[in-house]
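Report on the following structure.
These numbers come from a predicted model, not from an experiment. All values below were derived from every heavy atom in this structure, side-chain atoms included, with hydrogens, water molecules and symmetry-related copies excluded. Counting starts at 1 for both ligands and their atoms, in listed order.
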Amino acid sequence: MRFSAEKLSIPDQRMKPFIDTEEIWNLINNTKPERQRVRDVIAKSLDKQRLTLVETAVLINAVGTDLSDEIKQGACELKQRVYGNRIVLFAPLYVGNKCINNCEYCGFRASNADAIRKTLSDNEIIQEVEALEDCGQKRLILVYGEHPDYSPEYIAHTVKLVYGVRKGHGEIRRVNINAAPLDIEGFRIVGESGIGTYQVFQETYHPEAYKWYHLGGKKKDYEWRLTALDRAQEAGIDDVGIGALFGLYDWRFEVLGLVRHTNHLEACYNVGPHTISFPRIKDAVSLNLDKKYETSDDDFKKLVAILRLAVPYTGLILTAREAPDVRREVMQYGVSQIDGGTKLELGSYSDSKNEEQNLNREQFKISDPRSLAEVIDELLANDYLPSFCTSCYRMGRTGEHFMEFSVPGFIKKFCTPNAILTLSEYICDYAKGETVEKGWKVIEKNLEKLEPAIAGSTREKIEKMKKGERDLHF
Ligand code: SAM
Ligand code: SF4
């Protein structure tokens with residue numbers, strides 16, 4: 001894989017800030033999107049090379065011109081070439097909404113007196129996980145407010161608890177985390193519990209704007225947050241996720257901030273983020289935000305396409321914050337993971353009663369409330385290959401995201417067969433009605449594209465699965 005170095009005013013150093021506001025604004029204000037240049041940049045990306053900050057700025061500045069469509073087409077093409085039609089599915093599980101911070105945009109902020117504060121008990125976590133397993137979920141992301149109750153030891157405890165819950169054929173095979181930044185020792189404790197990815201979103205990469213929204217609590221320290229994933233790396237967590245909350249500041253700045261963060265991690269740790277998230281602000285209880293930086297649907301679609309082209313090998317996560325029609329379109333531009341069957345109210349996977357009370361337990365409103373079954377059915381209808389694969393990480397193929405793309409034939413040897421096997425397992429255990437037929441058809445189509453020997457051993461495993469064996473993978 002080729003990383004592109006460029007001269008930056010702040011050189012990358014471990015655990016040191018790396019955002020230079022002036023530099024980023026200079027790039028936005030002074031990079032010209034000449035037609036040939038834009039096309040060359042798209043071609044470089046289609047050659048599976050990472051884009052520099054300057055090249056990303058070229059694409060950003062082409063937005064609004066007739067070249068926008070070429071950017072989107074380039075992203076579609078790259079997605080097909082790099083990822084094919086696989087889409088990995090997951091669900092978030094909110095563990096607790098106590099919070100010492102006052103993020104202006106969040107329903108969990110300390111000053112929101114209407115929020116009903118709750119931390120799930122161990123028993124409630126078990127019930128939630130059982131309910132998620134009953135739908136066929138295999139990958140979760142646990143979400144926590146920032147509070148002394150949610151210590152590294154507590155987070156590690158909940159991770160182990162979730163891995164231990166088995167119902168029928170159900171089990172959670174990968175637990176990711178979205179929680180506050182920790183110190184190195186804290187990351188080590190959480191890392192040792194066997195997590196997949198640790199996500200921390202910077203919210204906004206612009207230091208001044210960051211201050212507007214984070215007035216109190218620990219989160220007001222921009223640099224502590226900016227260097228969070230450096231500390232995770234120092235603690236041995238090499239699988240990290242970054243993100244920006246779109247709507248807090250100029251979307252163009254945030255896209256360059258995300259790329260700059262990626263460059264930083266690559267420069268210091270030789271491994272970029274596993275995933276990038278790009279949530280847009282959604283309505284939350286008593287939210288009163290200035291709409292100045294609201295990101296339109298149009299800009300949102302373009303920014304996802306630009307991110308895809310800028311970092312061809314980084315997973316892109318699109319959540320149920322977005323409505324089904326936006327998700328449908330944006331997915332083509334290179335999204336690799338989506339959530340399905342998402343519920344944000346604490347305790348609502350196992351208990352959907354008492355909606356009114358639950359409203360005050362939500363962090364924000366989602367726009368895609370469809371069940372996992374509905375999401376999968378639509379993916380199959382659109383020829384995607386839904387996947388619950390967790391194989392590499394459990395087989396000790398570490399740095400799997402890197403291998404996925406750098407080892408010749410890796411996707412055809414491991415990713416596609418494992419996607420097929422996890423989908424087969426889902427069909428055997430959870431699919432109903434027409435989804436069953438649609439699912440087997442998509443599986444057959446994908447098997448036909450594999451090399452005969454690999455297709456043969458995948459078929460053998462499917463037959464074993466039909467006879468009752470589970471968790472078969474390569
Ligand atoms: N408390 C931890 C933190 O702040 O990093 C982790 C959990 S927080 C619940 C997860 C993410 O939700 C935040 O990083 C933020 O980007 C996002 N978020 C907060 N309020 C939101 C809103 N109103 N709409 C959309 N996303 C929001
Ligand atoms: Fe707390 Fe996180 Fe919400 Fe901020 S975004 S108020 S830290 S839960």
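- Checking only distances, Asp283 never comes within under 3.5 Å of ligand 1, N or O to N or O.
- At a 4.0 Å cut-off, not a single heavy atom of Gln199 sits close enough to ligand 1 to count as contact.
- Of the candidates Tyr144, Tyr213, Phe201, Tyr144 brings a heavy atom nearest to atom 2 (C) of ligand 1.
- Atoms of ligand 1 lying under 4.0 Å from at least one heavy atom of Arg321, given by number and element, are 12 (O), 17 (C), 25 (C), 26 (N).
- Relative orientation of the Tyr249 and Phe253 rings is perpendicular, given thresholds of 30° and 60° on the angle between their planes.
- A cation-pi arrangement is present between Arg174 and Tyr393, with the terminal nitrogen or guanidinium carbon under 6.0 Å from the aromatic centre and inside a 45° cone about the axis.
- Between the side chains of His473 and Asn418, no donor N or O sits under 3.5 Å from an acceptor N or O.
- For atom 18 (N) of ligand 1, the closest non-hydrogen atom of the protein is Gln363 NE2, 3.5 Å.
- Every atom of ligand 1 is numbered from 1 in the order shown, and the set under 4.0 Å from a heavy atom of Val143 is 7 (C), 9 (C).
- Between the side chains of Glu234 and Tyr269, a donor-acceptor pair is found at a separation under 3.5 Å.
- Checking Ser111 against Asn102 by side-chain atom types alone, a donor-acceptor pair falls below 3.5 Å.
- Looking only at protein heavy atoms, the nearest one to atom 5 (S) of ligand 2 is Lys219 NZ, 3.5 Å.
- In summary, the atoms of ligand 1 found under 4.0 Å from a heavy atom of Lys219, numbered by their order in the structure, are 3 (C), 4 (O).
- Checked against Glu322 for a side-chain hydrogen bond (donor to acceptor under 3.5 Å, both in side chains), the options Arg280, Arg328, Arg327 give a single hit: Arg280.
- Atom 6 (C) of ligand 1 has Asn178 OD1, 3.0 Å as its closest protein atom, hydrogens excluded (heavy atom only).
- Checking Asp339 against Thr319 by side-chain atom types alone, no donor-acceptor pair falls below 3.5 Å.
- Taking 2.8 Å as the limit, the number of protein N, O or S atoms around atom 3 (Fe) of ligand 2 is 1.
- Closest to atom 20 (N) of ligand 1 among all protein heavy atoms lies Tyr105 CD1, 3.4 Å.
- Looking at Asp250 and His206, their side chains never bring a donor and an acceptor atom within 3.5 Å of each other.
- Between Tyr94 and Phe108, the two ring planes are perpendicular [angle over 60°; tilted spans 30° to 60°].
- Of the protein's non-hydrogen atoms, the one nearest atom 24 (N) of ligand 1 is Lys282 N, 2.8 Å.
- Centroid-to-centroid, the aromatic rings of Phe246 and Phe300 stay 6.0 Å apart or farther.
- The atoms of ligand 1 that sit less than 4.0 Å from any heavy atom of Gly145 are 1 (N).
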Exercise. For the pair Thr158 and Tyr144, evaluate side-chain hydrogen bond (donor to acceptor under 3.5 Å, both in side chains) and give the outcome as yes or no after the intermediate values.
Key: CA-CA 11 Å; Thr158 55; Tyr144 312 74; 2.7 Å; yes
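- Heavy-atom neighbours of Glu185 CD from other residues, nucleotides or ligands within 6.0 Å: above the threshold of 12.
- Close approach to Ile281 involves these atoms of ligand 1, each under 4.0 Å from a residue heavy atom: 24 (N), 25 (C).
- Between Tyr105 and His214, the gap from one ring centroid to the other is short of 6.0 Å.
- When the heavy atoms of Arg225, Glu203, Lys365 are ranked by distance to atom 16 (O) of ligand 1, first place goes to Glu203.
- For atom 27 (C) of ligand 1, the nearest non-hydrogen atom from the set Phe278, Tyr150, Phe108, Phe364 belongs to Phe364.
- Minimum interatomic distance between Val200 and Ala179 (heavy atoms only, all atoms of both residues): CG2-O, 3.8 Å.
- For ligand 1, the polar-atom distance check finds no N/O of Tyr94 at less than 3.5 Å from any of the ligand's N/O atoms.
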